Asks: 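Could you have a look at this structure, given as structure tokens, before my questions?
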Amino acid sequence: MSAANQSTPVPPENAGVEPDIQLRKLNRMERVLGPEFYRIFRGVITNPLSIIGTSLILFFVLVAIFAAQIVPPATPTNPYSIPRDGFGTTPLPPGTAWLRQAPPLPFWWKAITGKDKWFHVLGTTSGQWDIFYGLVWGTRTAIIVGVLIEGLTLMIGIIIGAVASFYGGWVDEILMRFTEIFMAFPFIMAALTLSAILTPIIGRGIWPPTIALVVFGWMSYARLIRGDILSIRERDFVTAARVVGANDSRILFSHIIPNAIYPTLVLASMDIGTIVISFAALSFLGIGTEVGYADWGQLISFARNWIPTLSQYWWIVIYPGIALILFVLGWNLVGDALRDIMDPKLRGQIRR
Amino acid sequence: MSMQTTTETVRSPDVLLRVEGLKMHFPVYRGVFRSRVGEIKAVDGITFDILRGETLGLVGESGCGKSTAGRTILQLYRPTAGSVYLDGEDLSTLHGEKLRQHRRKMQMIFQDPYASLDPRMTIGEIVGEPLDVHQTARGKGRRERIAHLLQVVGLNPLYAGRYPHEFSGGQRQRVGIARALALNPSFIVCDEPISALDVSIQAQVVNLLEDIQKEMGLTYLFIAHDLSMVRHISTRVAVMYLGKLMELSDRSEVYVDPLHPYTQSLLSAIPIPDPVLEERRKRIILTGDVPSPANPPSGCVFHTRCPYAEAICGETIPAWREIHSGHWVACHFAERFKK
């Protein structure tokens, strides 16, 4: 802060007389977004890592939005169910003709491939599920699951952390011990168990693993925001708000949370990738969505029986693996960039 | 403590703020069961009046409880004991909404202009917050009031849409002053408002504080550790040591004829900008450190470091007495030091 201040040339002030302050001109974007958002926005669009990250995420978002245009659903009532070309166990290589249950031809098919009929673009996996179809529709699953789980865990974490730190004392003590109990469970094992327990109760689908990942995923946010609120709470500007007579909710919502939430948001953006991996892991272990549901983890799980011969049937892990890696990489790059942008030590450099 | 209070004096028109036996003890908890093992006596029974329109300087070394005293007077900490009367009304008995309403009358200017402004608010929002909280102005009236306040403190109203990080320390302190003025208070606690600023800017901010005091008839409690600045701005000066008041008198009397050994030693530490006089200056150098406020010495809290201490000083707490009109001191031997 002080370093940034020194670098700003300010002419000497004159008390009583209106000082001739020469301030940097604000552009319209900065006026609309406010200083913090503008700084983040500018950082995101100028930092090379974040440009790669955001483009990756943008790419996946576009694929998810236009999934029905890229690959029209094979069964319109249940587009997430991957169509099977027969029941054979041996994976078919990319380029094999699609004989049974082929989806309708998309508009781009002829122009790009020059063929009149579907073929398996990326091959099929064991059980003849089409990998290309699974990847495209699995993008939707990945984004929905990532955002849903992240949103729910973030919400729970922020509520628990904010209540604990704002009220302090015994409330804080109890909530934090509760948080620590949850942290003591090994994450994947606990999520696996809970998901396995929930599956017979609410049926297979994205919900059992989602709930399990939320239940065992909120703790780091609660602890992070609690710590930040505890430090912000003691800052002078909070006292100043109290001096002018602001009530508790105004202080909490317009001073404390807006100043404390950014590190938690950075962590959240980095975690979306991890969550999709955990979700894929649960699917891989068979405790996830129903068989044939368009989900990257599930596609990889079909390769389980072919591990010794993967050099021959490489496409059954390489393509879903690449999708998963790029998705996680995208979120991690954005999270990394956000962390750099928000780092108070780098503030001055980025602002100027 | 020895001061007699009658409702008459509380309501006396000259007295804006009366502090009576104010104590602020912070409990210390330790161990698994968080048992209370003691308390930090940050403010330990102080009594004084602040007259309408005056500036009372409050000085003392770091950790003596000056800032805690200021914050306890504003009821930012609820006092352990004692009362604070503002315009005859006891603030320490008020709670919730009633106390919130009384906050209009008393404001505070903070030491650190970098920490006291919310970095995510524009200076217009910061200055306008008191108006929003008390719903005193809306829409156009609010905007005009903010522009006026910024002008009063010497900032261009066009910059209301700017954020604190775009301003220098002195300009930010002006924003803090504008916020304090927004509700037309009668009393402002200035908690070391200039000690975080460059020397060249200190004078400007002090002059601004003096100007608006004259213009708006404000009363200040000016907390500082810079003795020469306090001498410049104060009407009267109070000296604090380890949570207690040592001496309180008119500025000239405290600086020319200090009756408490602690005040004398503080004043002897002011360098004189004349090498000849500086050479001959007699310094009273105190030995040791300030004792812990968790375990203050018996009797007079200053006796462990006082060059004149006698047996009685370690046994009996000296009375807070008015040795002559308007000159209060807490020392058994104050008469000895009289010139």
Side-chain angles (χ1 to χ4, degrees), chain A residues 1-2 4-26 30-39 169-170 173 231-232 234-248 250-251 254-262 344 347-348 351, chain B residues 34 71 74 76 96-97 99-104 106-108 110-122 125-126 129-134 151 154-156 159 161-172 174 176 179-180 182-183 189 191 200-201 203-208 211:
Chain A
M1 285 303 237
S2 62
N5 183 48
Q6 280 163 16
S7 69
T8 317
V10 177
E13 298 158 287
N14 296 307
V17 194
E18 185 178 292
D20 182 22
I21 321 167
Q22 276 168 7
L23 290 173
R24 196 165 49 88
K25 269 222 154 105
L26 290 175
E30 191 164 6
R31 215 177 282 281
V32 172
L33 292 174
E36 199 66 38
F37 279 119
Y38 176 73
R39 217 162 50 75
W170 282 108
E173 207 71 27
S231 79
I232 299 282
E234 302 301 322
R235 298 268 289 276
D236 271 353
F237 64 80
V238 174
T239 312
R242 199 158 280 139
V243 169
V244 301
N247 57 23
D248 279 1
R250 187 185 171 97
I251 289 173
S254 53
H255 293 285
I256 296 181
I257 288 189
N259 280 287
I261 203 157
Y262 287 92
R347 272 191 162 204
R351 195 194 307 145
Chain B
R34 311 227 119 222
R71 285 168 188 233
L74 291 179
L76 293 171
E97 187 55 31
L99 180 61
R100 238 168 52 75
Q101 288 306 323
H102 275 79
R103 293 210 177 278
R104 287 160 175 254
M106 46 183 192
Q107 287 296 312
M108 179 163 173
F110 290 83
Q111 172 175 14
D112 184 353
Y114 293 88
S116 62
L117 306 179
D118 189 334
R120 281 174 227 281
M121 284 187 161
T122 63
E125 285 167 345
I126 290 168
E129 185 170 31
L131 307 175
D132 301 339
V133 165
H134 292 276
Q151 233 155 12
L155 291 173
N156 189 334
Y159 295 129
R162 296 303 176 89
Y163 288 86
H165 73 254
E166 299 173 68
F167 295 86
S168 70
Q171 290 165 342
R172 287 173 185 225
R174 289 164 192 268
R179 169 175 61 193
L183 293 167
V189 172
D191 188 1
S200 59
I201 301 194
Q204 297 167 10
V205 171
V206 164
N207 289 340
L208 172 66
D211 290 345

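Just so it is clear, the model here is predicted, and its values are computed rather than measured. Lettering of chains follows the sequences in order, A, B, ..., and the numbering in each one begins at 1.
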Asks: Minimum heavy-atom separation for B/M121 to A/S254, with atom names?
Replies: CE-O, 4.2 Å
Asks: Report which part of A/R250 has an atom under 4.5 Å of a heavy atom belonging to chain B: side chain, backbone, both, or neither.
Replies: side chain
Asks: Once side-chain hydrogen bond (donor to acceptor under 3.5 Å, both in side chains) is applied, do any residues pair with A/E173, and if so which ones, sequence neighbours excluded?
Replies: A/R177
Asks: Taking atom types as modelled, find out whether B/R120 and A/N259 have a side-chain donor-acceptor pair closer than 3.5 angstrom.
Replies: yes
Asks: Can you tell which part of B/L117 gets under 4.5 Å to a heavy atom of chain A, answering side chain, backbone, both or neither?
Replies: backbone
Asks: Which atom names give the shortest non-hydrogen contact between B/R103 and A/R242, and what distance separates them?
Replies: CD-O, 3.1 Å
Asks: Any idea which heavy atoms bring B/Q107 and A/V244 closest together, and the distance?
Replies: OE1-CG1, 3.5 Å
Asks: Check the pair A/D236 / B/R71 against salt bridge (charged side-chain N to carboxylate O under 4.0 Å, His left out), numbers first and verdict last.
Replies: CA-CA 12 Å; A/D236 271 353; B/R71 285 168 188 233; 3.6 Å; yes
Asks: Indicate the atoms forming the closest heavy-atom contact of A/G245 with B/H134, along with that distance.
Replies: CA-NE2, 4.1 Å
Asks: State, to 0.1 Å, how close A/F237 and B/D118 come at their nearest heavy-atom pair, and which atoms those are.
Replies: CB-N, 3.5 Å
Asks: Can you name the salt bridge (Lys or Arg N to Asp or Glu O under 4.0 Å) partners of A/E234, sequence neighbours left out?
Replies: none
Asks: Looking only at heavy atoms, what is the nearest atom pair of B/S116 and A/A240, with distance?
Replies: O-CB, 4.0 Å
